Each structure stands twice: as structure tokens, then as C-alpha cells.
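Before any comments, here is the structure.
All figures in this text were calculated on a predicted structure; none of them were measured in a lab. Only this structure's heavy atoms are used, side chains among them; waters, hydrogens and symmetry mates stay out. Sequence lines set the chain letters: A, B, ... in the order given, protein chains first and strands last, and positions in each chain run from 1.
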Amino acid sequence: MNISAKYDPSSVEDKWYAYWLKNKFFHSEPNDKEPYTIVIPPPNVTGVLHMGHMLNNTIQDVLVRRARMKGKNACWVPGTDHASIATEAKVVAKLKAEGIEKSSLTREEFLQHAWAWREKHGGIILEQLKKLGASCDWERTKFTMDEPLSRAVINTFVYFYKKGLIYRGVRMVNWDPEGLTAVSDEEVIHKETRSKLYYLRYYLSENGRKSDKYIVIATTRPETIMADAAVCINPADGRYHYLKGKKILIPLLNKEIPVIEDDYVTMDFGTGCLKVTPAHDVNDYEIGLRHNLPVLDIIDEHGRLNEKAVILVGEERFAARKKIVEMLREQGYMEKEEDYLSQVGYSERTNAVIEPRLSLQWFLKMDELAAKALKVVEDGEIKLIPDKFRNTYRHWMENVRDWCISRQLWWGQRIPAYYLPDGRFVVEPTLDEAFEAARKIMPEIRREDLRQDEDVLDTWFSSWLWPISVFDPEKPGFPDREPNRELAYYYPTNDLITAPEILFFWVARMIMAGEEFTGRIPFSNVYLTGIVRDKFGRKMSKQLGNSPDPIELMKEYGADGVRVGMLLCTTAGNDIMFDKSQVEQGRNFANKIWNAYRLIQGWEVGPESRQNEYQKCAVDWFESRLNKCIEEMDANFAKFRLSDSLMALYKLFWDDFCAWYLELAKPSFGEKIDSITYGATVKFFDALLKLLHPYMPFITEELWQNLEARKEGETIMFSEMPSCKGYDPELLEDFEHAQQIVMNVRNIRQSKGIASKERLSLYCKENYRSKMNAAVLKLANIDEISARKSFDDCSMGADFMVSTYEFFIPLNTHVNAGEEIEKINKEIEYLEKFLKGVNAKLSNEKFVANAPESVVAMERKKQSDAQTKIENLKNRLCKLIKD
RNA sequence: GGGAGCAUAGCUCAGUUGGUUUAGAGCAUCUGCCUUACAAGCAGAGGGUCGGGGGUUCGACUCCCUCUGCUCCCACCA
């Protein structure tokens, strides 16, 4: 194998990914083992990998690989989402660039283009995930518009329709005049927008003629005055009581409208008078319903004024606004204009200003479904991680509104409603069945008379079935049907890893569908990742250009390095501030592992070599240290603290294994190693690789394959994850003391300018006992540690304390007494202050009486330790002054 | 406007029912080293009183109140 001093991921990663694929290691089939299942949050089929995907999928891969090594039958189902709005927008844009307008195509032609686009660009993102090392079961790759999955969507629609939960109604929807579709509330982004508040004069009517009295009404949308149906005042507003029963004339049109009263109007906003425009404002629509006002829709689907507007017909709404403002000014209707900052809704997909618009849409009743989905989270049956999201979840589920599921698009599952010529309709999964049903209500009808609804279903109406339909697409819509073998085995899935912003669109709805069709929750844990931001805290976006290309990043730093870089700084639910330096850290770690391996593989076992005492120390200690770390990692994992778990391992490898263990275990220059130490080292390294594998799959496979002779078809992926076998806390404490002694000696060497090669002696007091002295001798380059009653007869040298133990190094150079005295004085001062605090506590009767015994005992120990330390320091001080 | 959350070393974050924490880690910084696995490295060092104020308690980073600053979600008053 290549043993360059630098680890080169590029030569390793593709090789092992191909090996894993060739051997079908990622593939899962139901068997006797316990399943561990994750379904991927399907990225948009046209999507390109971004840092958010990287984080999300790295976490999934860590969980899946770990479960696999814990002996579970792990299955990670990949796939893509057809994302109707986003994809259709892309296809439309692409056609436009080629000079083809969507409007010039038939539905079938357009869909052909769309499928062609999907064939070509769809699933790029899945290929990119392979670079990351994602151990998805690619044989199970699904697409939400695969024929069986689409059928599941249709069956679901029919099911809910027949259950009476789906209805068709006129509703005020968020209309996207560019996308020419209704979008859900969640797809509307409100942005603060600079606009003007226009104060318009509405004249009172005298028998249909303009009187000289007027009232002033503030509006931000003067272009909608033609659709005004009333003027509204608050019944409690004394200023306008005289208006009761009066009629008002719409400016420019001189059309008469009534004055109505409604609590909705805020008296101290604007002028306290509100123009009511039911067709073009949600609140006005509701007022209109209460007061039976006529609805006059003057804006068409493209956002242009239609003929009902009477004036400015055909003008686009914003152009119309400019023009009408000019007209109002000229004709004396404009009282004043103010700058105004307000929240305006924009379409998430097209960034067009949303137009509230009345239209005939399909809705799904949510209250019943939401109640069930709320309960399982409230009861803790489904855990949200972190659980602070429960509050947000509850709030949403308690205030849920009916779900508008129709979209005026072509790309997606077409609504299976078939209209009869007279406007009645039937809902059936297929045209054949619809025809049968239609004949029952209209016997003479011909097949070709039926016209299918033009709309498609909201994308989330297919993704909410995902955890079910990837296994058993025949199940949705049929709660009583037996689940197939796959669904019975893999469902419910275990963990779902996703972003908090789709907690409601997707997670909540999957819970609803799961409950409805299987009677079970779809997953037990929902791990919510944060948003990946740049180091300045800005969201990564194309416009800012602050998002690194993941593929380039992996090329430069290696997939393992990138994974580690992301994981080190992520905690559930928190945004991550991404910076290249983290990825560098990951790369450096991979290199460290690589070089540790280089050291070990260069060792030669000598048959006659015997294990040194310090090597025995190292092996005994690391055995305990390793097990303690495993315990810590497992505890963190149980709480989904992935980053803590990785950090514990990082330190174990870098500090404990490399800096301490290997330094002790490695044979002296030019010598061979004994078989016991060698065997132990290989065993430890093997365990470390396994622990590391979920985080860093590539380098660990590479090194594991080389560590010992492996057969074809063997993989670290299926090796057993090490578990904690217990440890000796005393041994660990002894070694910690040894480490501190070594560090003190090194420190003294550095400050006194003593070369590390120069061998020193070390005295300790007789009370110091340790099993790890041999390690100190080796690492601090000490010839012996001799125990003494006191250091009084030692003249030149340096002393130090570890815990309460005193040590002395005889030296033939003078210590700088002045400096030393100052240092000791400072330490005494500090300790005395500390002791004072402890004494105060202990002399407080209430503390001694109330605090638990263990706490008091701890304070007593602190007290005596501090006293001992101060005493020791004072002795040293006396000696220094005497000398 | 309603709701939720956050504020701990230069940066990113831990700190698990208040007491083994005299507040930890990683990165960054500083000093000295090309020491025969690794300069993507080694050895060592410095750095915070836990946003401000008040309270509860024998004891508070940890609980309560309040102020300040930030983030997110929901609703969007024309």
C-alpha cells in the first residue's frame, strides 16, 4: 500500500465505494434480525447537492452505519421528490430559453419535455451522495412519481374523498401570478416591503350623485378600488356614526357602495375607515361573508386587471397602481400619500408578489388528522430532537387550517376527479372506474364526455406517504389491507433526519398518513438539523455566493474530512456556522489516523523482544481508557449528541492513543517490537477504526483492510462495533497523575532550557504510590523516581505538585529564586482565598445541616487538600528564601 | 401583535433533576521545536466570573422576575 506521509483520499474513496456497491453491502432484505430503517428526506429531483444535504445525509449515514455494526439489519431508502412547482418552473424556464412557451404546448407535450428533463438531470443529486459515502440501499431508489407511488397518491385522494374529508370549495388562496398556481400559506414568504399608503377621498352619495362631503380612506392598493364592495367602520367609532345607512361613491367610477359596521376595523389605524374588497384581500373576504357583500373579481390569473375593472383593463397590477394614482391625483381624490413599510407576501418559488385570489380548489379537512398527530408527539411516542420543537409543533397542530391540495400545474399527480358535462363529478382512481360511476348518475354518458380535473396535487400530498409507499405502495388508501412483507418488516422506521422548516409540511403530515393508513406512527425519533450558515451567520445562498460546492470541497479535503468538519460543530436543532477551517480540521484528523497507521505498520515483531515495563503500563492503561471512552460515546449517542460523541473519539485517538499510548508503545529506534505489545496495539487500532467508521467510512475501510490480511468480501462495515467491557478507575487516575508529572517535567525543561535528551532524576514524597511510574520514566526521560521523607536536604532544583503530591527535580542549574518566589506567593494567595470560601461554607451551620453528606464531605476534602497545598508551598517558600 | 428559543473564553459550542466545576472542549492565539508516523505535526503557555440588574436558597452558569440584544415560528391592520 502507498505509505506517503500525507493521506490522499482521492485514491481511496472511489475504490471502496465501488467495492461496497459490488458486494451489495448496502442492500437490505427482510430477515430474522432487528431492522433499523431510515427513509431519506427525498431531495428535489432537479436538485443539486448543497451543504444542507451534506449535513443531513452525513448524519443519516452515521446512524445507519452504526446500526449496521451493532448487528441490526440496516436499511436506508433513497429517492427523489418530483417537487411539482420547482421542477415545473425549471422546465418552463428551460423551454423558454429554447424559445418554446409553455402555453404553446399541450399537457402531454409538456409532460414529455418534463420527463426528458428528469431523465437527464434527475438524480444527479443521488450520484453526488455517493461521493459522500452514503450507504443507501440504491436498489430501493424511489421517485415520488414512479407509477406505483403515484397510484398510491391517487388512491389516497379517492380514499379521503369518499371518507368526506376532501371537498371542493371557493377559497381565497395565495395566487402566484407568475407560476400561475395557488401556493400554500407555508410557501409564502413575508418580506418587509417599502410601499405607500394612499389616503383617498370617498365622497358621500346623494341619491347616486356626488355630494361635497367625503371621508378619507387609507389604502396600499388603490388599483383595487373598483372591486370595493363596502366601506367599513367600527360600530364603536363615534366619529363615523353619521355614516350609518349612508351610501358612498367609489372614486373615478362613482359607483355606489354601502357603509357597514364591523369590529374588525381598528379605529386608530389609518383613518378608521376601511374599504372592503372581498375579492382581493383575505380579511375583506371574510368581512364580505359576514355581511353578504357581492364579490367582484377584477384581477385575472396573470395579475392583470380584467374587464370587470371597467378602467385600466388589461393593465398589470403594479402598472395599474401607478396609473390610477395619477388619475386619482388629477381628479382631486388624493388627500395625501405616506411612505409605508409593510409585510408583503412573496412566492417562495418565483418571488412574485402573492395575489390573494378567489378560486375553486380542493381541500383536505385537517382537524381530525391533526388531533391524532398531535397526540403521539405530546405523549412522547414520537420524540422530537431537540424537544423544544414540541412547543412549535403543538402550536401549529392546534391552529391548523384545511389543506389546499390542488395546484394549477401539470407536473404531478393529476386529481382523479372526472366532470360530467353538466358539471357534476365523480372521483375514482381510473377513467374506467370513473366511467362506471358516472353511468350510474347519467346512464347515457359516453366515455369521451368525461373531462378530468386539470389540476395536480400538492407535492406534499405525495411525500406524506413516503415512509409507507417506498415499501408498500398498495397500502395508502387502504387501512384494512394487510401490509406486504416489506412494510411489515421495515415499518415503522426508526429515525427521521430533517430540517425544522418542514416539520409541518412534511413531518406532521407523514404522521397523519401513517396513523390513518397503518394505524402506527411512521418513525420514533425526529432529529432536526439546523440551517447551514456561513461563518458570518448568513444563510448560504446562490445570490451571496457563500456556499461552497460540496463536490469541490470533498475533492479538496476528502469526504471523510468534510463529514468530520460538519459533524464536529453540529448539535440538533442549532444552525451550524460553517467554515472551511472545520473541514481542514477533519482533513487533518484523517491525516493523523493515516500516520498513526504508518507508524504501526512499520513495526517489526522480534521473536526475542520482550515487553518493557512502560509498554505494559501503556497497554493496561489504554485498555481502560478505550472502554471508558466507548461508554461515553454510547451515552452521547443515546441522546443523539453526535458531535460530542465524535469529539470524545477524536480526543481519544489524537491525545490518548497517539500522544500517549503510541509514544509509550513504540519500540526504541532501530529495535523490534515484542509480540504482546504489537498484538495489543493492533487490537486497539482495530477497535478505534471500528469506532471511527460511521463518521469516516473511507479511511477506516482502507486501513482496516490493510491492518490484517482480509478475504475478498470482508468489510469493516459489518464488523462488530466495540462495546464497553469495563475499566479500572484507579488505573486511569494513576495514569492521569503520571501525565501531569510528565507535563510538569517538560515544562521545567522548557523554562530552564534543558534538552529533552538530558536525563533527569525525580524525587517524590514517600506517600506517592503509582502503578504508572515506568511511563513517567520513559516519557519524561527520568532515570529513576526515588521516594524521600523530605526534600530539605536538596539544594538546587525545581519542585512541583500534582494533586497534593510533591515532587522535586535536582538540577545543577540555579532556579530563578525571585521568579519562583513570586509564582509561589501568587499560588498561595489564590489558594488562601479559595480556602476562605470553603471555610465559610463549612462554618455555616445551615450548610452543614442542609447539604447532602457527600457535598459536605467534598467540601472537607477541598479544605484539607487546600491546607496541605498551602503548607507545602510555604515550606518551599522558606527553603527558597533560605537558599 | 401572539408564541418559542438563544445570550458561557477571539470563534464554534458543552455544562444533563442547583452542590465532586476553584466553569470545560475543539479551533484560533502566543512560545519553543523539521525529535527517526505525522509542520495537515510535536512540546508547552495564556485566555472567560457565565449579556445587565434584582430575587429565591446554606449554596445559582443552572430556578424566578426584569431590562438589553439576537434568532425562529405564527398572524398579517387596510
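Across every non-hydrogen atom of A:A5 and A:W594, the tightest pair is O-CD1, 4.2 Å. Smallest separation of non-hydrogen atoms from A:E632 and A:A648: OE2-CB, 3.7 Å. Of all non-hydrogen atoms in A:N744 and A:M801, the two that sit nearest each other are ND2-O, 4.1 Å. Closest non-hydrogen pair, A:S643 versus A:L567, comes out as CB-O, 3.0 Å.
In this structure, A:Y264 does not reach the B:A78 phosphate: none of its side-chain N or O atoms is under 4.0 Å from OP1 or OP2. The side chain of A:R390 contributes no N or O atom lying less than 4.0 Å from OP1 or OP2 of B:C73. Contact annotation: A:K846 does not reach the phosphate of B:U57 (side-chain N/O to OP1 or OP2, under 4.0 Å). Applying the 4.0 Å criterion to OP1 and OP2 of B:C42, one finds that A:W654 has a side-chain N or O inside that range. OP1 or OP2 of B:A45 has at least one side-chain nitrogen or oxygen of A:N747 nearer than 4.0 Å. Contact annotation: A:R587 does not reach the phosphate of B:A40 (side-chain N/O to OP1 or OP2, under 4.0 Å). Phosphate contact (OP1/OP2 of B:G44, side-chain N/O of A:K752, threshold under 4.0 Å): absent.
For A:T219, whose side chain is taken as the heavy atoms from C-beta onward, the closest listed nucleotide among B:A78, B:A25, B:C38 is B:A78. In the set B:A43, B:G19, B:C76, B:C76 carries the atom at the smallest distance from any side-chain atom of A:N283.
Salt bridge status for A:K196 with A:D339: present, with a side-chain N to carboxylate O gap under 4.0 Å. Between A:E355 and A:R357 there is no salt bridge, since none of the side-chain N atoms of the basic residue sits less than 4.0 Å from a carboxylate O of the acidic one. Between A:K628 and A:E631 there is no salt bridge, since no side-chain nitrogen of the basic residue lies less than 4.0 Å from a carboxylate oxygen of the acidic one.
Atom P of B:C6 sits at a distance of 11 Å from the matching atom of B:C64, rounded to the whole Å. With P as the reference atom, B:C77 and B:G2 are 15 Å apart, rounded to whole Å. B:C13 sits 14 Å from B:A23 when the C1' atoms are compared, rounded to a whole Å. Between B:A14 and B:G24, the distance separating the two C1' atoms is 7 Å to the nearest Å. On the P atoms, B:C11 is 14 Å away from B:G51, given to the nearest whole Å. On the P atoms, B:A25 is 12 Å away from B:A45, given to the nearest whole Å. For B:G19 and B:C63, the P atoms lie 11 Å apart once the distance is rounded to whole Å. The C1' atoms of B:C34 and B:G26 are separated by 26 Å, rounded to the nearest whole Å.
Side-chain atoms of A:N234 and A:Y264 form no donor-acceptor pair, as typed in the model, at a separation below 3.5 Å. Side-chain atoms of A:T277 and A:Y285 form no donor-acceptor pair, as typed in the model, at a separation below 3.5 Å. A donor atom on one side chain and an acceptor atom on the other are not found under 3.5 Å apart for A:K666 and A:T681. In the model, A:E338 has a side-chain atom that pairs as donor or acceptor with a side-chain atom of A:Y199 under 3.5 Å.
The nearest whole Å value for the distance from the CZ atom in A:R401 to the P atom in B:C74 is 11 Å. If you measure from atom CZ of A:R641 to atom P of B:A14, you get 8 Å, rounded to the nearest angstrom. The interatomic distance linking A:I741 (CD1) with B:G44 (P) rounds to 14 Å, in whole Å. Between the CD atom of A:Q601 and the P atom of B:C38 there is a distance of 12 Å, given to the nearest Å. The CG atom of A:L664 sits 15 Å away from the C1' atom of B:C42 (whole-angstrom rounding). One interatomic measurement links the two molecules: CD1 of A:I754 to P of B:G32, which rounds to 18 Å at whole-angstrom precision. Between the CD1 atom of A:I250 and the P atom of B:A78 there is a distance of 20 Å, given to the nearest Å. The distance between atom CZ of A:F578 and atom C1' of B:C27, rounded to the nearest whole Å, is 14 Å.
Base engagement by A:N591 is indicated by at least one non-hydrogen atom pair under 4.0 Å involving a base atom. A:P852 comes within 4.0 angstrom of a nucleotide base, judged by non-hydrogen atoms across all strands. A:Y340 comes within 4.0 angstrom of sugar-phosphate atoms only, judged by non-hydrogen atoms across all strands, and of no base. A:G272 comes within contact range of at least one nucleobase, with a heavy-atom separation under 4.0 Å. Among the heavy atoms of the strands, none lies under 4.0 Å from A:N399. Among the atoms of the strands shown, none is found under 4.0 Å from any heavy atom of A:L568. Looking at heavy-atom distances under 4.0 Å, A:E827 makes no contact with the nucleic acid at all. Heavy atoms of A:V276 sit nowhere under 4.0 angstrom from any nucleic acid atom. Here A:K757 lies out of heavy-atom contact (under 4.0 Å) with every strand. Residue A:T220 is in sugar-phosphate contact alone, with no base atom involved, counting any heavy-atom pair closer than 4.0 Å across all strands shown. In this structure, A:A866 reaches neither bases nor backbone, as no heavy-atom distance under 4.0 Å exists between it and the strands shown. A:C658 comes within 4.0 angstrom of a base, heavy atoms only.
For A:Q585 against B:A28, a side-chain-to-base donor-acceptor contact under 3.5 Å is absent. Evaluation of atom-type donor-acceptor distances gives no pair under 3.5 Å for the side chain of A:K841 against the base of B:C58. You'll find a donor-acceptor pair under 3.5 Å spanning the side chain of A:K639 and the base of B:U16, going by distance alone.
With values rounded to the nearest 0.5 angstrom, A:W660 atom CH2 is found 12.5 Å from A:R625 atom CZ.
In this structure, the ring of A:F684 has its center no less than 6.0 angstrom from the ring center of A:F657.
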Could you go over nucleotides 2-10 of chain B and give all protein N or O partners under 3.5 Å, atom names and distances?
from : atom 1 : to     : atom 2 : distance (Å)
B:A4 : O3'    : A:N391 : ND2    : 3.4

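Ring geometry for A:W396 versus A:F504: interplanar angle under 30°, hence parallel rather than tilted (30 to 60°).
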Report summary line: Each base of RNA chain B marked ( ) or [ ] if paired in-strand (Watson-Crick or G-U under 3.5 Å), | if paired to another strand and . if unpaired gives (((((((..((((.....[....)))).(((((.......))))).....(((((..]....))))))))))))....

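Toward the 5′ end of RNA chain B lies the nearest nucleotide of A:Y650, the other residue of the pair A:Y650 and A:E501 mapping further downstream.
By the 5.5 angstrom centroid cut-off and the 30-degree plane limit, A:F847 is classified as not stacked against the base of B:C58.
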